[in-house]
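These notes concern the structure reproduced below.
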Amino acid sequence: MTTAAKGPASYFPSIEKKYGRPITEWKDLIRTSPLTKHMELVTWLKTEHGLGHGHANALVAHTLAEPSGE
């Protein structure tokens, strides 16, 4: 039996389905962006890539919470 994802990761299946990119691609975009603040990144994903607020917020929160280098 698999355990359901919790927190921001629970959005990942719907993000991949709706926007057609794997989560690793979204995280790479966030990591390589010159922006560093949470809400700047959320706004950027919304305006430049068309993500909804919840999806953008989940991606940024999960990415920024990872240890550096991952």
- Atom pair CD (E48) and OG1 (T43), whose distance is rounded to the nearest 0.5 Å: 11.0 Å
- What is the minimum heavy-atom distance between L35 and W44, and which atoms define it? CD1-CB, 3.5 Å
Cut-off 3.5 Å, no hydrogens considered: what does the side-chain donor-acceptor table look like for residues 51-62, sequence neighbours left out?
| from | atom 1 | to | atom 2 | distance (Å) |
| --- | --- | --- | --- | --- |
| H53 | ND1 | K46 | NZ | 3.3 |
| H55 | ND1 | Y19 | OH | 3.3 |
| H55 | NE2 | S14 | OG | 3.3 |
| N57 | OD1 | H38 | NE2 | 2.5 |
| H62 | ND1 | K27 | NZ | 2.7 |

- Query: Is any side-chain heavy atom of L45 less than 4.5 Å from a side-chain heavy atom of W26?
  - Reply: yes
- Message: Quick check for you: to the nearest 0.5 Å, what is the distance between E66 atom CD and R31 atom CZ?
- Response: 5.0 Å
- Message: Once salt bridge (charged side-chain N to carboxylate O under 4.0 Å, His left out) is applied, do any residues pair with E16, and if so which ones, sequence neighbours excluded?
- Response: none
- Note on the structure: Interatomic distance, OH@Y11 vs CD1@I23, rounded to 0.5 Å, equals 12.5 Å
- Heavy-atom closest contact (P13 atom, S10 atom, distance): CD-O, 3.7 Å
- Query: Any donor-acceptor pair under 3.5 Å linking the side chain of S33 with the backbone of L29?
  - Reply: no
